Amino acid sequence: MTANSQDLQLRERAAKVIPNGMYGHESTVLMPPSFPQFFERAEGTYLWDADGNKYLDLMCAYGPNLLGYGRAEVNAAIRRQLDKADTTTGPSPLMVELAETLTSMISHADWAMFCKNGTDATTMAMTCARSTTGKRIILVAEGAYHGAAPWCTPRPNGVVPEEKAFIRKYVYNDIASLEAAVEAAGDDLAGVFATPFRHEAFQDQFEVTREYARRARALCDKAGAMLIVDEIRTGFRLSRDCSWEQFGGLCCKD
Ligand SMILES: Cc1ncc(COP(=O)(O)O)c(C=O)c1O
């Protein structure tokens with residue numbers, strides 16, 4: 001048995017029943033062949049793959065694992081709730097408690113909305129920006145990842161140009177480029193997507209500059225557009241509040 005024989009067998013089985021053997025972030029086809037795709041166990045900061053190899057998980061499940069795997073208080077709370085009710089016809093009273101907690105700990109948050117993944121959150125943010133402003137154009141940094149819906153997926157398959165018709169590009173962290181894109185949008189600018197920290201795969205990672213963070217806020221305020229800070233990766237990691245403010249920008253209208 002090699003150190004990854006179970007993983008290889010699982011990949012073979014997956015190839016028969018799962019598109020491409022795996023999709024999205026879960027696919028490791030671009031990693032070295034020995035990189036495991038399947039993990040069986042996790043505890044604290046460690047992961048064990050299907051062959052029992054142990055890893056220190058510096059990826060933190062691509063972000064969401066903030067508190068470590070299998071943390072006793074978290075697991076106990078999940079079990080408590082499971083014993084009471086799971087997937088009920090209406091939401092649990094805990095929904096209100098969680099919304100109250102989030103809005104009290106995040107200084108700019110008046111409301112909290114819940115969704116099942118990042119794509120849903122960015123799509124809802126885009127829809128809210130259009131609905132609030134009554135405008136159509138959304139600016140997105142070139143190469144920035146905001147999810148897998150037709151309006152934002154970097155993959156061309158199955159997407160028709162009309163679905164991206166009102167999505168326009170600018171260069172990340174480049175004030176002149178953002179200014180030009182805002183200018184070109186004229187009076188039809190609904191929102192600008194921003195991420196406090198550039199983290200796209202296969203690109204160098206860096207933060208926005210203070211000048212850029214402030215300018216993006218000012219440009220949006222002037223145009224009556226929404227500055228949409230996508231914190232799917234950075235939220236609660238770079239800052240307990242809004243990471244944009246950590247880099248000198250303002251989350252809310254000045
Ligand atoms: C900044 C950012 N926004 C949105 C998303 C989409 O999140 P999800 O894959 O949960 O739909 C991602 C995913 O990596 C992301 O990094």
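All ligand and atom numbering here is 1-based and tracks the order in the structure. Please read these numbers as outputs of a predicted model, since none were measured by experiment. Note that these values count all heavy atoms, side chains included, but never hydrogens, waters or copies made by symmetry.
- Proximity of the aromatic rings of Phe193 and Trp244 is defined here by a centroid distance below 6.0 angstrom, and this criterion is not met.
- Between the side chains of Asp57 and Tyr69, at least one donor-acceptor pair of N or O atoms lies under 3.5 Å.
- Using 4.0 Å as the threshold, His199 has a heavy atom nearer than that to some atom of ligand 1.
- Nearest protein neighbour of atom 16 (O) of ligand 1, counting heavy atoms only, is Arg233 CG, 3.1 Å.
- Set against the non-hydrogen atoms of Asp230, the atoms of ligand 1 under 4.0 Å away are 1 (C), 2 (C), 3 (N), 4 (C).
- Scanning the protein for heavy atoms near atom 9 (O) of ligand 1, the closest one is His25 CE1, 4.0 Å.
- Under a 4.0 Å criterion applied to the non-hydrogen atoms of Thr119, ligand 1 contributes the atoms 6 (C), 7 (O), 8 (P), 11 (O).
- Tyr172 and Ile137 end up in the same hydrophobic cluster when Ile, Leu, Val, Met, Phe, Trp and Tyr side chains are linked at under 4.5 Å.
- With a 4.0 Å cut-off on non-hydrogen atoms, Tyr145 touches ligand 1 through its backbone as well as its side chain.
- Between Leu189 and Lys135 the shortest heavy-atom distance is O-CD, 3.3 Å.
- Between the OH atom in Tyr170 and the CD1 atom in Ile175 there is a gap of 12.0 Å [rounded to 0.5 Å].
- Residue Ile232 touches ligand 1 through its side chain alone, judged by heavy-atom distances below 4.0 Å.
- Below 4.0 Å from some heavy atom of Gly118 lie the following atoms of ligand 1, by number and element: 6 (C), 7 (O), 8 (P), 10 (O), 11 (O).
- Taking Asp241 as the reference, nothing meets the salt bridge (charged side-chain N to carboxylate O under 4.0 Å, His left out) condition, with sequence neighbours excluded.
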